[in-house]
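Read the structure below first, then the notes.
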Amino acid sequence: MHILEIIEKKRDKEKLSKEEIEFIIRGYTNGTIPDYQMSALIMAIYLNGMDDEETTNMTIAMANSGEILDLKEIDKTIVDKHSTGGVGDKVSLILLPLVASLGVPVAKMSGRGLGFTGGTVDKLESIPGYNTEISTEKFIDSVKKIGISMISQSMDLAPADKKIYALRDSISCVESIPLIASSIMSKKIASGAEKIVIDVTVGNGAFMKNVTDAEKLAKTMINIGKLANRETICILTNMEEPLGYAVGNNLEVKEAVKFLKGEEIPKDLKDVVFELGAYMIKLAGLGNDLEKNKEKLQENILNKKGYKKLLEMVKNQEGDITYLEDLEKIPKAKFVGKVISDKEGFIEKIPAKEVGKIACYLGAGRERKEDKIDNSVGVVLKKKIGSKVKKDECIVEIFANDENKLKEAVEKMKEIITVTDLQKSLKKPIKIS
Ligand code: URA
């Protein structure tokens, strides 16, 4: 077998065999296939696609490129959760302690943010002391002992995906259905869960810009799940505007804590948390009635069991819970700027991707892997799409530690937000299984 023949085949729109796909993944992971040849192949896949069989073979080969976590020791049905990525996406911080407080065991490996999207691990690490890099033994023990652990994805898990994802990112080949599906499902299979709930984001701030493509991605992942014996449910959710109000690491932690305490619950965030949560409870075998499951989630916000579970997890992973108990202790950025509406009307657009880029520019995210994160910077929306706004009212607050960056961010934000005379509303989550 030769890599050039495989590249030629895909370039000429032919189907790759299981053996060819295994050869590529093995060769690229161990370094015998160089970046330039893999780039050519990835671009050919991006342009010419792969069918379901090729995508499944690629997924399995990527999952098998490293360690496959064995969660059998936990002795309960593990339901994993994943999101295809977005802006202001703090769903895991809220949803996972909440379902864990209802008895759904949570063994979650999350990623860091790259580009304009945030990552759960960076948000968790903005809690002083929180350790996302505990050993696999402590990870499993924590799930057995307190029902939840959230850590950073182990280096040994699907290493082929790590290399291929970084390559795709550097050659503008991220937005491809077979490549996204194999990337996500290889990690889910390697992280050991039997059942998987995936939040497939759609819109300006997501990889899938329209519902047709998002449905295709969802169906591809569900199909891979079937072939790999992992029950998979996908929920399509809106990512036209940032989710909730806050974008930026410790700003999102604050929003998550207020949500779990029942103090401030943004409607769009609640729709996503409750929809995914209802299915996680169902897949865990703890209740088939989705509406009743949502009531249970509501109850554990009111009685603060979800919030207490978050504290328990943070404490178990060496985090300082006094920062969560007293949100005033969380470090604040030095400068705050406001974006003021110059007319009355309804908010038409707050494009998630551009908001994510502004937060990233302020230091909330990384342009490159080695960049350091600034935990206290970001933006907090005061209005959402469809909200009424008066002239001179504040639409967004921007938090920065650099005055010049703040000025630029305020100007940029003014350019991207639009106000109109007609009110627009956003769609609710759609389930595909
Ligand atoms: N998330 C992933 O894990 N992989 C992708 O390719 C896109 C989103």
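What you are looking at is a predicted structure, and each value in this text was computed from that prediction instead of being measured. Note that the numbering runs from 1 along the sequence shown for the chain. Ligands are counted one by one from 1 in listed order, and the atoms in each one are counted from 1 as well.
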Taking atom types as modelled, is there a side-chain donor on Ser92 or Lys108 under 3.5 Å from an acceptor on the other? no
Charged N-O contact under 4.0 Å between Asp80 and Arg230: no
Which protein non-hydrogen atom lies closest to atom 8 (C) of ligand 1, naming both residue and atom, and how far is it? Phe207 CE1, 3.6 Å
Measure from NZ or CZ of Lys332 to the centre of the six-membered ring of Phe399, then state whether that distance is under 6.0 Å and the direction lies within 45° of the axis. no
Is the terminal nitrogen or CZ of Lys270 (NZ for Lys, CZ for Arg) located under 6.0 angstrom from the six-membered ring centre of Phe259 and within 45° of that ring's axis? no
Ser183 neighbourhood, listing ligand 1 atoms whose heavy-atom distance to it stays under 4.0 Å: 2 (C), 3 (O), 4 (N), 5 (C), 6 (O)
Taking only heavy atoms of His82 into account, list the atoms of ligand 1 that are under 4.0 Å away from them. 3 (O)
Interfacing atoms of ligand 1 (cut-off 4.0 Å, heavy-atom, Tyr165): 4 (N), 5 (C), 6 (O), 7 (C)
For atom 1 (N) of ligand 1, what is the nearest protein heavy atom, given as residue, atom name and distance? Ile184 CG1, 3.8 Å
Any Ile198 side-chain heavy atom under 4.5 Å of Met221 side chain: yes
Does ligand 1 have an atom that lies less than 4.0 angstrom from a heavy atom of Ile180? yes
Any N/O pair Lys187/ligand 1 closer than 3.5 Å: yes
Between Ser83 and ligand 1, is there a nitrogen or oxygen pair with a distance under 3.5 Å? no
Going by the side-chain hydrogen bond (donor to acceptor under 3.5 Å, both in side chains) test, name the single residue among Thr201, Asp89, Asp199, Thr237 that passes it with Thr84. Thr201
Subset of ligand 1 atoms that lie under 4.0 Å from at least one heavy atom of Thr84: 8 (C)
Under 3.5 Å side-chain donor-acceptor pair for Asn401 and Ser376: yes
